[in-house]
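Residue numbers begin at 1 in each chain, while the letters A, B, ... track the order of the sequences. Note that these values count all heavy atoms, side chains included, but never hydrogens, waters or copies made by symmetry.
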Number of protein chains: 2
Amino acid sequence: MTASAGQIGRTDAARNHERLLAAALAVYAAKGVDASLKEVADHAGLGVGTVYRHFPTREALQEAVLADHLETLRSRAAELAQTHPAADALVTWLGEFIAHFTQYRGLARAFLPTLSDRRTPLGHACTDMRAAGSMLLEGAKQAGAVRAGLDAGTMLRLASGIAMAAEYAPDGAAPLLPWVLDGVLSRPAAGTA
Amino acid sequence: MTASAGQIGRTDAARNHERLLAAALAVYAAKGVDASLKEVADHAGLGVGTVYRHFPTREALQEAVLADHLETLRSRAAELAQTHPAADALVTWLGEFIAHFTQYRGLARAFLPTLSDRRTPLGHACTDMRAAGSMLLEGAKQAGAVRAGLDAGTMLRLASGIAMAAEYAPDGAAPLLPWVLDGVLSRPAAGTA
DNA sequence: ACCTGAACACCGTTCAAGT
DNA sequence: ACCTGAACACCGTTCAAGT
């Protein structure tokens, strides 16, 4: 191949891309998504310029992290739909949704605008995740476990609201979620079963 | 009086203090609570230095605005307790609580930490507001309208979560609140009556 | 071709001079 | 005594030089 030097370069670049994503996860977990790109660069052992090469803006890096989470949640919804009774699958998934977002301070807030975004790649990842969540919701409705009138967007906004409030609550989301579930479910929440 | 010059100074300063609070409200309403202090200064027709003289930090100005809202909500709770049936008073107040915070982008987020703050003057204003809300909550419980186990802190975190999510929702808090109310109230929400 | 980090630009904060 | 805004400090971003 005449392009071997180029391929090595691309391999290095791909590795740095992964390193930066991993560093972003670590830094975001410790300091929230508003941490400086300098901190992410230091944690990855790379120069600031390299961060900007791979992610032109602060938002681009947040969005890359967010896209990973959305894909995880999408596939998790599909899995739960196969393996769990409808109501159980929905309740479990909502708990995991909130757990994902409370891990990184500020991420739930960064997520919310993507619910109205149908243009960017991130918006598409969100649409796919929402469709998977909507499938769980419809299954639970057909099982008679969820009241009519709830749409997926409203459900995800409620869950995100809990995630954001939980960031500043001494006991996290645990005391908050049951009250919303009681509002959403047709019968009193039956624990995790 | 030998201090007349000083009194005139104090009068000017007091007027500027009010001007800055009014300017902060206007700027926050337009741009959210993360707006620059320069913008607030310009809107008030004063120099930036004057903002810093009256409010040493960005947080101090946010807190002053927040304290005003907390006092309004406190007195409103006391009023509703006198004039409305228990369940109605609580539901109305929660709606007004959310309306207050959705007026200023970022204010609900700034409010949440004060729920765990028992030291600063702002923390005391929050404690008073929470006590007034708790009174409404207990009244509704005694009327059998609210399920046992809900405390005022959890209730206010749920309401704040809705307010934050509503900032990014096309239809605001309206589609979100009923689901939480249904979880909180013993019987299905009876509209506003 | 990619990476680096010093240089640049920007914005929040301070404080010497003015009223 | 308070107010002003130019000067300062800081941090996010860019880009010329290096590998």
Nearest-Å distance for atom pair [atom1]/[atom2], residues [X] and [N]:
{"X": "A:L20", "N": "C:dT4", "atom1": "CG", "atom2": "P", "value": "9 Å"}
{"X": "B:L61", "N": "C:dT13", "atom1": "CG", "atom2": "C1'", "value": "15 Å"}
{"X": "A:L37", "N": "C:dG5", "atom1": "CG", "atom2": "P", "value": "16 Å"}
{"X": "A:D12", "N": "D:dT19", "atom1": "CG", "atom2": "P", "value": "17 Å"}
{"X": "B:E18", "N": "D:dC2", "atom1": "CD", "atom2": "P", "value": "16 Å"}
{"X": "B:K38", "N": "C:dC10", "atom1": "NZ", "atom2": "C1'", "value": "13 Å"}
{"X": "A:R15", "N": "C:dA1", "atom1": "CZ", "atom2": "C1'", "value": "15 Å"}
{"X": "A:D34", "N": "D:dC11", "atom1": "CG", "atom2": "P", "value": "15 Å"}

Report task. Look at the aromatic rings of B:F111 and B:F101 and report parallel, tilted or perpendicular, splitting at 30° and 60°. Result ->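 Rings of B:F111 and B:F101: tilted, 30 to 60°.
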Query - Parallel, tilted or perpendicular: ring planes of B:F55 versus B:H17, cut at 30 and 60 degrees - result: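 Plane angle between 30° and 60°, so tilted.
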Should [X] be listed as having a side-chain N or O under 4.0 Å from OP1 or OP2 of [N]?
{"X": "B:H54", "N": "D:dC3", "result": "yes"}
{"X": "A:T50", "N": "C:dT4", "result": "yes"}
{"X": "B:Y52", "N": "C:dT14", "result": "no"}

Report task. Please determine, by modelled atom types, if A:Y168 and B:R157 share a side-chain donor-acceptor pair under 3.5 angstrom. Result ->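 Short answer, no.
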Query - Under 3.5 Å donor-acceptor, A:Q62 side chain and A:V33 backbone - result: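 Such a contact is found between A:Q62 side chain and A:V33 backbone.
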**Report entry** Closest listed nucleotide, where the reference is the side chain of A:V48 and the choices are D:dT13, C:dT14, D:dG12
**Finding:**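 For the A:V48 side chain, the nearest candidate turns out to be D:dT13.
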**Report entry** B:K31 atom NZ, over 12 foreign heavy atoms within 6.0 Å
**Finding:**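 No, not enclosed.
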Partner nucleotide, any strand, of [N] [Watson-Crick/G-U, under 3.5 Å]:
{"N": "C:dG12", "answer": "D:dC8"}
{"N": "D:dC3", "answer": "none"}
{"N": "C:dA17", "answer": "none"}

**Report entry** Residue whose closest nucleotide on DNA chain C lies nearer the 5' end, B:R58 versus B:G49
**Finding:**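 Upstream on the strand: B:R58.
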